[in-house]
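What follows is a set of notes on a single structure, which appears directly below.
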Amino acid sequence: TQAPVKVAVTGAAGQIGYSLLFRIASGELLGPDQPIELRLLEITPALKALEGVVMELDDCAFPLLSKVEIGDDATKVFDGVNLAMLVGARPRTAGMERGDLLSANGAIFTAQGKALNAVAADDIKVLVTGNPANTNALIAQSNAPDIPAERFNALTRLDHNRAISQVANKLGVPVTEVKKLTIWGNHSATQYPDLFNAEVNGKNAAAAVNDEAWIENDFIPTVAKRGAAIIAARGSSSAASAANATIEHMHDWALGTPEGDWVSMAVPSDGSYGVPEGVISSFPCTVSAEGVYSIVQGLSINDFSRAKIDASVAELVDEKKAVTELGLI
Ligand code: NAX
């Protein structure tokens, strides 16, 4: 049998963790033949709750789960890890300004970046789900100078999946008919879900929809504000769908994307599509079977898309400026 892959999850006692861990351990992340060792990081007051989650993992008797280690010390928990899912973050609470939010998360992601830099395996891949995800990923990356920058990604796969579902529903087709959807920019209300380069049944998706007012006034805001709609309906934020997207991003990054399609991944910009280097922005990406991703090149960007992408990227540049001024990167 193969050696276990060591998978770190932070915020493991939280609501996303409660869905994520069981699916990783059951084989949905790396397939039915790959043993997994889980390394779970939490803050000290949440360790008791995390012990309860580990009891439930034990009670599943997952054949692929070779070991579970928990702790509140990142340099111990991240030791030798191959994949890291950084889910735990400080949520915005009442009265908190944006600067307070960025500082609170800055403290978390500087420390975790440094710990990964010191002890992670050479093939480490890091995916940040905790918000503000793109900028948290940038902070972790900036504090891990010995890890190649491109190993730090942020999650926009949930937005990608939401957009696929919305357009499939509008056209009355199965989600499997929707391909080449792209989320551009920041995982925030400014994100831009692009139908002009997407396909439905092999035909251009925007043309198939044939309703620009719907795209602008319905589709884009519905995708961008879906998180708030879930909170309004459920009383708490998206958890199972966020866990699903976190697994799908890491699965595809490790094992490759299917022929004839791409996925949305927030990755360090190489300057493609006029997005400045130095921010972590969502792009259309393909991944080779060896687990190396590339940004899809040569897509045409119309004026409508250009303005939307520029607005979201400007927000990322602004967030970068704020965390630079706070001394976090
Ligand atoms: P919860 O509050 O349920 O869980 C977060 C957990 O992180 C808590 O158990 C907390 O103790 C832990 N934590 C806090 N600081 C930590 C640290 N320094 N080290 C380790 N653990 C730490 O939140 P949950 O609903 O699970 O959401 C987690 C994060 O995902 C939030 O930041 C949330 O905003 C973000 N989301 C991101 C999404 C995306 O698409 N990128 C969508 C879903 C979600 O909103």
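Atoms within each ligand, like the ligands themselves, are counted from 1 in listed order. Bear in mind the structure is a predicted one, so any value in this text is a computation, not a measurement.
- Judged purely by distance below 3.5 Å, without hydrogens or angles, the side chains of Q297 and S272 pair a donor atom with an acceptor atom.
- The pair E69-K67 meets the salt-bridge criterion, since a charged nitrogen lies less than 4.0 angstrom from a carboxylate oxygen.
- In summary, the side chains of S188 and E315 do present a donor paired with an acceptor at a separation below 3.5 Å, with no hydrogens or angles considered.
- Within ligand 1, counting atoms from 1 as listed, the ones closer than 4.0 Å to a heavy atom of H187 are 38 (C), 39 (C), 40 (O), 41 (N).
- Ring pair Y192/F304 is perpendicular by interplanar angle, where above 60° counts as perpendicular and below 30° as parallel.
- Nearest protein neighbour of atom 4 (O) of ligand 1, counting heavy atoms only, is G14 CA, 3.2 Å.
- Listed by number with element, the atoms of ligand 1 under 4.0 angstrom from any heavy atom of A242 are 42 (C), 43 (C).
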**Request:** Using the side chain to side chain donor-acceptor pair (under 3.5 Å) rule, take N302 and S305 through it: C-alpha gap first, then chi angles, then the decisive distance, then the call.
**Result:** CA-CA 5 Å; N302 62 22; S305 299; 2.9 Å; yes
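- Protein heavy atom nearest atom 17 (C) of ligand 1, with residue, atom name and distance: I43 CG2, 3.6 Å.
- Each of the atoms 15 (N), 18 (N) of ligand 1 lies under 4.0 Å from some heavy atom of I108.
- A donor atom on one side chain and an acceptor atom on the other are found under 3.5 Å apart for T246 and T129.
- Heavy atoms of Q112 come nearer than 4.0 angstrom to ligand 1 in at least one pair.
- Heavy atoms of S238 come nearer than 4.0 angstrom to ligand 1 in at least one pair.
- Using a 4.0 Å threshold on non-hydrogen atoms, atom 2 (O) of ligand 1 does not count as touching the protein.
- Those atoms of ligand 1 with a heavy atom of V87 less than 4.0 angstrom away are 28 (C), 29 (C), 30 (O).
- Residue N131 touches ligand 1 through backbone and side chain together, judged by heavy-atom distances below 4.0 Å.
- If you take CG on N134 and CD1 on I139, they are separated by 11.0 Å, rounding to the nearest 0.5 Å.
- The shortest contact between atom 11 (O) of ligand 1 and any protein heavy atom is with E42 OE1, 2.7 Å.
- A side-chain N or O of W184 and one of D194 form a donor-acceptor pair less than 3.5 Å apart.
- Ion pairing between a basic and an acidic side chain is recognised when a charged N comes within 4.0 Å of a carboxylate O; D159 and R162 show such pairing.
- Atom 21 (N) of ligand 1 has G11 N, 3.3 Å as its closest protein atom, hydrogens excluded (heavy atom only).
- Those atoms of ligand 1 with a heavy atom of L155 less than 4.0 angstrom away are 39 (C), 40 (O), 41 (N).
- Ligand 1 has S237 within reach: a non-hydrogen atom of the residue lies less than 4.0 Å from it.
- Nearest to atom 27 (O) of ligand 1 among the protein's heavy atoms is I16 CD1, 3.4 Å.
- If you number the atoms of ligand 1 from 1 as listed, the ones under 4.0 Å from a heavy atom of L158 come out as 40 (O), 42 (C).
- Side-chain atoms of S165 do not come within 3.5 Å of backbone N or O of N161 as any donor-acceptor pair.
- Annotation: atom 37 (C) of ligand 1 to nearest protein heavy atom, T129 O, 3.0 Å.
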